[in-house]
Amino acid sequence: MATWLGWQIESNWTDPLLFATYSIIKPLAGASILVVMYAVITHGNFSAPMFQWIYVGSALYLYVGSIMTGISWGVVDDRERYRMLKYLYAVPTPFAVYLLGRGVSRFITGSFSVWITILFGVIFLKIRQSPEHFHPALFVVGLVLGLATLASMGLVLGAVVLTLKTHTEQLGDAVAGALYLFSGAAFSIAMLPAWLRPLAYALPLGYWLEVMRRSLLGPPPAQFATFAAWSDGQLLLALLGFAAGYALLAAGTLKVCVHSARERGMLDQVSNF
Amino acid sequence: MFPAVHKRTGWRAALMTIFGRAYPRVIGATRELSWIFFEIFLPLVAVSAYVFVYRGLGAPEAYVGFVVVGGAMTAFWLNVLWSMGSQLYWEKETGNLGLYIMAPCSLMSILLGMALGGMVATSARALVILLLGAVLFHVHFAVSNFAQLFAVFMLTMAALYGLGMMFSSLFLLMGREAWHFSHLAMEPVYLVSGFFFPLRSFPFWISAAASILPLSLGLDAMRQLVFPPGTIHPFLGVKLEIAFLAVLAVLFIAAARRLLDHMERLAVREGRLTDRGA
Amino acid sequence: MTDLSVDVQGLGRIYKTRGSPGSPGREFSALTDVNLQVRRGELFGLLGPNGAGKTTLIKILTTLLSPTSGSALVAGYDVAGESRKVRPRISMVSGGEASGYGLLTVRENLWMFSQFYGIPSGEANRRIEAMLEVLHMSDRLDTKSAELSTGLRQKMNIVRGFLTDPEVLFLDEPTLGLDVGASRDVRAFIREWMKEDPNRTLLLTTHYMVEADELCDRIAIINKGRVLACDTPENLKKRLQGEAIFQLEVTPVPAAAVTSLESLPGLHKVTHHEADGRSRLDLVLEEESALSSVLAHMTGLGIHLLSLTKREPTLEDVFVELVGTSMEEMEHDVSGGA
């Protein structure tokens, strides 16, 4: 029901304008910022392995924004515009299921974004995937574990939004933008100051992107050697641990935040100012 | 118990309206302390990511400065897009738009109030991001001409918030579709305005087309003025950019006024624009 | 200064719904040939069920909607052509609205609106405090409006409307959704405000008959976009003075029996309500003597009389007389059919 509702409200990829906006223009513009930054500094050396790693990593990172925004925006929209959240909360379906369902439409449009961006890179920016480097099993398991973890992170964010009176509209994008620093998508985690690195290692994003890029592009280039000593199995095991840990964290956060929102009467608030 | 009141009219009433509507923007935005986390910490972290991208690529340190200045200025674009552009639509949804139209003040004064409040609140955030970014990443500023820098900033703000006021009416007419437009205007504008690299990085005609966005020229001029000479290859000279920004400011504010009048006429004729959910 | 605060002549408003490919747009007439004059100093009521056109009329008079035909003057100015002269002289409060910003306190919200009307801050603050005092919510001055109950939020809105000292104030269902105590406070506030200055005019819409009867100098009964009658409450009720009105409590009455009652000679109108396993019949008889034949008919149908009261006509009876059905039944039909 929530997925259907989200789909009706959020998006219809058969609408050419919306499809173009969310699945082509936004992601390609975002990727183009990195491409221009890279081109300005390296004078357009797009065939370097480092660029392939940066480009594919940043394309896959689009999943983070779409899933986190999908879930947290559902809370804002249903609470403040449609004023339906209080009723949806009262239905027998678990609230977490509703929130996850509400984020599915953004996940689907996000998937288009990711793969269209990668396709663009293949066609125009010399992104090359050699068949001997492609590991389908690693790709599928990594994708499933990564998306499950991202969904839990989205639930944590959606739960936090429930308790916020302000700054809710762009929270998904803002958090995804901030987490980019710790993801290793466009630069190695080893580049971060030593005091920031533990935070990056405590987040699943770096591990996930490493698995996904290995499964598509093969071994990492020298500039991205953070996880070079880790085997594929070790990385998958770490991801599995993150998936379980974040699921527990999401359940706990949701419980605490829903309780707090109910106590403070925030299930039906409007935060416009 | 309720004696008759003496009401001000004319420009004094307009000023009162502007300050009255600016108040919730300045106070409301900071009443919840979470703004420090969401509007300073998170954007600063996002800006830091671009700094590390340049460092990872082995870029000259000047680019770190470009990113910090550009990152601070993104706060204004987000404010214009999400808090100016969509504001009249929200006012309709929360029942205030009808009260605004019915009040004796002009809608333009109310929009100016929103713009002023948004500008003041966002300037504080942008300044903090700029200072923290400069300290964290050792950015060296060397302002060559304070008067020109002030003129560039004020004209950029006037043009930018003029554009925001135009969006307000347009978004109201577009209804919910405006949300999609706002999303559409984020990354592409970050790209073409040169938030994270000099505008000159693009071919001339792309930079020229991007100059319709006030932040493109504003950022280019500000980078010329706050960094030592020779740090940046400018798109145009500062004086020319000031002149273009002045033209944009006049154009956008005049267009905002016309659109607002049109929107009000349409609202009164069709009776839709003041109804929630219509 | 004109003696008429509101002068409406032949006013009409048609709403057009937009069509889609394959289905043309439709037209809906919300107001038809409305004529109304409200005198300066008058507390005037517009009484009618939901969907009668009251809010449309208020929107036109407050310059939020243009009329399709006819004209309307408020404080002597044309609402369509001279809206900028009308607006400084009016204010409006709608029931159930949520004006202002939840993050601002009651005082801040009210102060903000006062600025839009050019009221100096000191004076605005004094008025805010005095008005909240009268409405028994001084202790909420510094409460964020998001934290107010529905009733308190509505009281804040009422203060917003009165704060700017309008020449003509429009209250659209001001007590909608309020509890008995809050409604009483609001009505007392309205009376106090009107008493203070004979030049103040107030136009109130309501579908609460008692409220209209208690507050208004004159009342217009409006239904389906047309004004059916306009007079003082007393004069409206006098229309029924030649008739006898009885309220009967009886054992349950089948719908067919109500229809058969309606055809009895001497019975002008009958309205029927079911509650707690009993039926209540309100009978308007041309003369008292018709009652015996009605009672005999009911006995023949197996309906037993439980109680009988003769009463004075109310605005509800006037409404039934004019419209043919009670407001409660109309609203039930509308909500049931919606």
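Within every chain, numbering begins at 1; the chains are lettered A, B, ... in the order of the sequence lines, protein sequences first and strands thereafter.
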Nearest heavy-atom contact between Met102(B) and Ile90(C) is CG-CD1, 3.9 Å
Euclidean distance, Glu270(B) CD relative to Tyr15(C) OH, rounded to 0.5 Å
11.5 Å
Are more than 12 heavy atoms, taken from residues, nucleotides or ligands other than Arg226(C), located less than 6.0 Å from that residue's CZ atom?
no
Spacing of Ser66(C) atom OG and Leu266(B) atom CG [to the nearest 0.5 Å]
10.0 Å
Take the angle between the ring planes of Trp111(C) and Tyr23(B) and call it parallel below 30°, perpendicular above 60°, tilted in between.
perpendicular
Nearest 0.5 Å, please: how far is CG in Leu65(C) from CZ in Arg269(B)?
11.5 Å
Between Tyr117(C) and Ala103(B), which heavy-atom pair has the shortest distance, and what is it?
OH-CA, 3.6 Å
Counting only heavy atoms from other residues, nucleotides and ligands, does the tally under 6.0 Å from CZ of Arg12(B) exceed 12?
no
Do Pro24(B) and Glu108(C) have side chains that get closer than 4.5 Å, going by heavy atoms?
no
Closest heavy-atom contact between Ser99(C) and Asn96(B)?
CA-OD1, 3.3 Å
Could you report the tightest heavy-atom contact between Gly118(C) and Ala13(B), atom names first, then the distance?
CA-CB, 4.4 Å
Aromatic ring pairing Tyr100(B)/Phe113(C), orientation class (parallel under 30°, perpendicular over 60°, tilted between):
tilted
Between Leu104(C), Ile60(C), Thr63(C), Val86(C), which has the largest tally of heavy atom pairs under 4.5 Å with chain B?
Leu104(C)
So which part of Lys85(C) gets closer than 4.5 Å to some heavy atom of chain B, the side chain, the backbone, both or neither?
neither
Residue Glu133(C) excluded, over 12 heavy atoms near CD under 6.0 Å:
no
Minimal heavy-atom distance between Arg84(C) and Glu264(B), with the atoms involved, is NH2-OE1, 4.3 Å
Looking only at Ala14(B), Gly10(B), Ser106(B), Gly20(B), most heavy-atom pairs under 4.5 Å shared with chain C are made by Gly20(B)
So how far is it from Tyr101(C) OH to Glu91(B) CD, rounded to the nearest 0.5 Å?
3.0 Å
So for Arg160(C), is it side chain, backbone, both, or neither that comes closer than 4.5 Å to the heavy atoms of chain B?
side chain
So which atom in Val5(B) and which in Asp165(C) form the shortest heavy-atom distance, rounded to 0.1 Å?
N-OD2, 3.4 Å
Per-residue contact mode, Ile18(B) against chain C (heavy atom under 4.5 angstrom):
neither
Chain B contact via Arg89(C) - side chain, backbone, both or neither, heavy atoms under 4.5 Å
neither
Considering only heavy atoms from C-beta outward, does the side chain of Gln115(C) approach that of Thr17(B) to under 4.5 Å?
no
Side chain from CB out, backbone as N, CA, C, O: work out which of these in Thr105(C) comes under 4.5 Å of a heavy atom of chain B, or both, or neither.
both
Chain C: which of Gly113(B), Pro104(B), Gly98(B) shares the most heavy-atom pairs with it under 4.5 Å?
Pro104(B)
